[in-house]
Amino acid sequence: MFVLIWVTLVFNADTVASVGGRRQCSGFPFGFCITLPEGEITAEAGLCVVIPCSFTTSSSFTTQKLVWYKCEPTEGECSDLDMIFHTNKNNIKIQSGFRGRVSQLEPDVSQRNCSIIINDLKESDSGSYQFRVNGLLYGTADGFTYSPRATVSIKALSQKPKVVIPPLTEGQQTTLTCTAPGLCSGSDPQITWTWRGAGENGSHITGNITDFKTESLTAVTQNHSSTLTFNASAEHHGTSVTCKVSFTGNAATEETVTLNVTWFSEILKNSRCEVQSELLTCVCITEGFPLPTIKWPLLKNYTEYSVITTVTNHTVNSTIMLTVKDRSNTVVECVSSNENGEAKMNLNIITSEKQEDHHGLSVVPFLTIAVLSLIMNVTFIICFVFLW
Ligand SMILES: *[C@@H]1O[C@H](CO)[C@@H](O)[C@H](O)[C@H]1NC(C)=O
Ligand SMILES: *[C@@H]1O[C@H](CO)[C@@H](O)[C@H](O)[C@H]1NC(C)=O
Ligand SMILES: *[C@@H]1O[C@H](CO)[C@@H](O)[C@H](O)[C@H]1NC(C)=O
Ligand SMILES: *[C@@H]1O[C@H](CO)[C@@H](O)[C@H](O)[C@H]1NC(C)=O
Ligand SMILES: *[C@@H]1O[C@H](CO)[C@@H](O)[C@H](O)[C@H]1NC(C)=O
Ligand SMILES: *[C@@H]1O[C@H](CO)[C@@H](O)[C@H](O)[C@H]1NC(C)=O
Ligand SMILES: *[C@@H]1O[C@H](CO)[C@@H](O)[C@H](O)[C@H]1NC(C)=O
Ligand SMILES: *[C@@H]1O[C@H](CO)[C@@H](O)[C@H](O)[C@H]1NC(C)=O
Ligand SMILES: *[C@@H]1O[C@H](CO)[C@@H](O)[C@H](O)[C@H]1NC(C)=O
């Protein structure tokens, strides 16, 4: 007890800022130093926080147990009622709210490493944390509470899950991966997938969901992820997929991504060519994502032509117009391609002239006959009049 009173009075006698934090030593008894981070340690609800810490004791002291407390900063020294961690996990004084949530990073006490990780954080875990060693001083049970404290501030969860989408191609099985934020060793978060179609209908994803836990990162950190495996199809293009990660204590976070599926369709059947007099008009229609490019090999042989391309959603309509003198051996090919494929089609040429001719023949003779008969009538009348 004598020692403890002295601690608060004479700590800070010797302080050294170092890379890992600020090292502070007590003036008496000598040799009790602790290194804690300078300033506030911040973390987010649902995740975990590490309080990095190392300590030394006087050479006559043998460390046996490490103890952490959390109490109001106004209390000069936390008491056993404030215990949140004890090397002996079964110590009944550990507050129930912290039981099972706090672990030592380095189990070997002789390493003088007092770092702890607190899992399944709640905003109420914000506060001031104090460290104590229990052991033997000259063979007698004793302890020392270090005066400097670690200040922890827990904010609402703002980190988002990380969703990885490989390039998606129609007809190919694909796997989306969602990794929960945080590298903690607390309760397993719950990871769920939901999706919403681009159109009203259709894009329901039928697939397999698998949860992973990677424990190997370090002894006390884990990485949680979930995968969604499905066969990509054109209908999935534009679908919004949401990965939601729920931690204990109502902390949840989600990320939404929009799927881009590379797909490609054959050239549509209503593509065709039409000749009217000498004007050749060809229309080639195709669909896909990314939008296919339409090429007309025929145009290489012409210098004067017009091309009109119109795009509606994922449909491309390319219309060419040119004058052809001799179309007897004209083959009009349309080539459509995007990164997922290429399609070629020789377009049928519908000759509108026959129809035109037909109209012409039906109209012209009629007119001719009408005119001829009129002339004949007039001639007849004139002749008649003259003769008369
Ligand atoms: C404490 O131990 C942990 C785990 O072995 C290590 O990552 C950390 O760097 C150590 N801290 C100090 C201050 O030695
Ligand atoms: C959605 O698809 C179902 C059949 O799968 C069909 O009966 C329904 O009419 C479609 N709804 C819309 C809005 O397209
Ligand atoms: C988490 O685990 C996944 C595989 O399970 C790995 O690809 C990823 O890099 C890990 N993330 C971190 C931050 O270690
Ligand atoms: C999902 O899993 C089942 C059974 O393991 C398997 O038959 C099916 O092919 C899987 N589906 C996908 C899209 O991987
Ligand atoms: C996914 O596509 C592959 C290859 O086309 C096929 O073998 C497999 O059965 C499909 N799986 C499902 C669940 O449709
Ligand atoms: C999908 O494509 C659009 C436009 O092509 C692009 O802006 C967007 O970033 C793409 N999304 C993904 C997840 O690749
Ligand atoms: C272009 O003209 C050449 C020579 O007349 C002919 O062999 C070739 O087939 C034509 N190309 C196209 C695409 O019509
Ligand atoms: C194009 O897409 C929009 C919205 O996705 C839809 O409302 C519209 O009907 C589509 N147009 C055609 C021609 O399919
Ligand atoms: C294609 O575009 C042309 C002109 O841009 C238009 O006259 C034609 O109706 C369109 N065809 C279709 C099927 O949309």
Side-chain angles (χ1 to χ4, degrees), residues 15-25 31-39 41 43 48-57 63 65-68 85 87 102-119 129-133 146 148-150 152 182-186 215-223 265-276 279-288 291-296 298-299 305-322 332 334-336 343 345 347-350 352:
T15 75
V16 182
S18 73
V19 183
R22 170 183 284 252
R23 181 167 187 261
Q24 297 178 81
C25 298
F32 286 87
C33 300
I34 187 165
T35 306
L36 287 171
E38 283 191 85
I41 306 168
C48 54
V49 67
V50 168
I51 302 179
C53 171
S54 61
F55 67 98
T56 61
T57 61
T63 306
K65 306 284 181 208
L66 311 187
V67 185
W68 276 94
F85 174 82
T87 311
V102 189
S103 319
Q104 235 171 302
L105 290 191
E106 174 54 68
D108 181 1
V109 172
S110 69
Q111 296 294 307
R112 305 179 192 288
N113 182 331
C114 42
S115 305
I116 50 168
I117 181 169
I118 308 173
N119 284 298
Y129 290 79
Q130 192 166 38
F131 176 65
R132 172 181 174 87
V133 286
Y146 294 79
R149 298 192 188 192
V152 172
L183 290 171
C184 302
S185 48
E215 305 206 33
S216 55
L217 295 167
T218 72
V220 288
T221 58
Q222 296 172 343
N223 169 342
S265 80
E266 294 303 307
I267 291 165
L268 302 192
K269 293 258 163 20
N270 53 348
S271 304
R272 74 206 128 81
C273 284
E274 226 171 49
V275 171
Q276 233 170 5
L279 181 65
L280 175 67
T281 307
C282 292
V283 180
C284 186
I285 299 163
T286 185
E287 296 175 319
L291 280 174
T293 310
I294 296 179
K295 293 207 177 86
W296 300 92
L298 172 75
L299 296 181
Y305 51 80
S306 72
V307 182
I308 304 166
T309 305
T310 54
V311 174
T312 316
N313 294 349
H314 299 299
T315 306
V316 183
N317 168 344
S318 174
T319 304
I320 58 166
M321 275 182 276
L322 66 159
V332 184
C334 160
V335 180
S336 159
M345 191 186 216
L347 303 182
N348 289 328
I349 301 180
I350 303 164
S352 315

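Read the numbers this way: they start at 1 and go in the same order the structure lists the ligands and their atoms.
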Got the closest protein heavy atom to [atom], with its distance?
atom: atom 5 (O) of ligand 9; result: Ile308 CG2, 3.8 Å
atom: atom 10 (C) of ligand 9; result: Asn317 ND2, 2.4 Å
atom: atom 13 (C) of ligand 9; result: Ile285 CD1, 3.1 Å
atom: atom 4 (C) of ligand 9; result: Thr319 OG1, 3.8 Å
atom: atom 2 (O) of ligand 1; result: Asn113 ND2, 2.2 Å

Close-contact set for ligand 1 against Glu106 heavy atoms, below 4.0 Å: 2 (O), 5 (O)
Please tell me if atom 7 (O) of ligand 9 is touched by the protein, where touching means a protein heavy-atom distance below 4.0 Å. no
Using side-chain heavy atoms (C-beta onward) and a distance below 4.5 Å, is Cys25 in contact with Phe32? no
side-chain contact (heavy atoms from CB on, under 4.5 Å) between Ser185 and Ile117, worked out: CA-CA 9 Å; Ser185 48; Ile117 181 169; 4.2 Å; yes
With a 2.5 Å cut-off on the SG atoms, do Cys282 and Cys334 make it? no
Once you round to the nearest 0.5 Å, how far does CG of Asn317 lie from CD1 of Ile294? 7.0 Å
Measure across Gly21 and Thr35 and return the closest heavy-atom pair with its distance rounded to 0.1 Å. C-CG2, 4.0 Å
Aromatic contact between Tyr129 and Trp68, with the criterion being ring centroids under 6.0 Å apart: yes or no? no
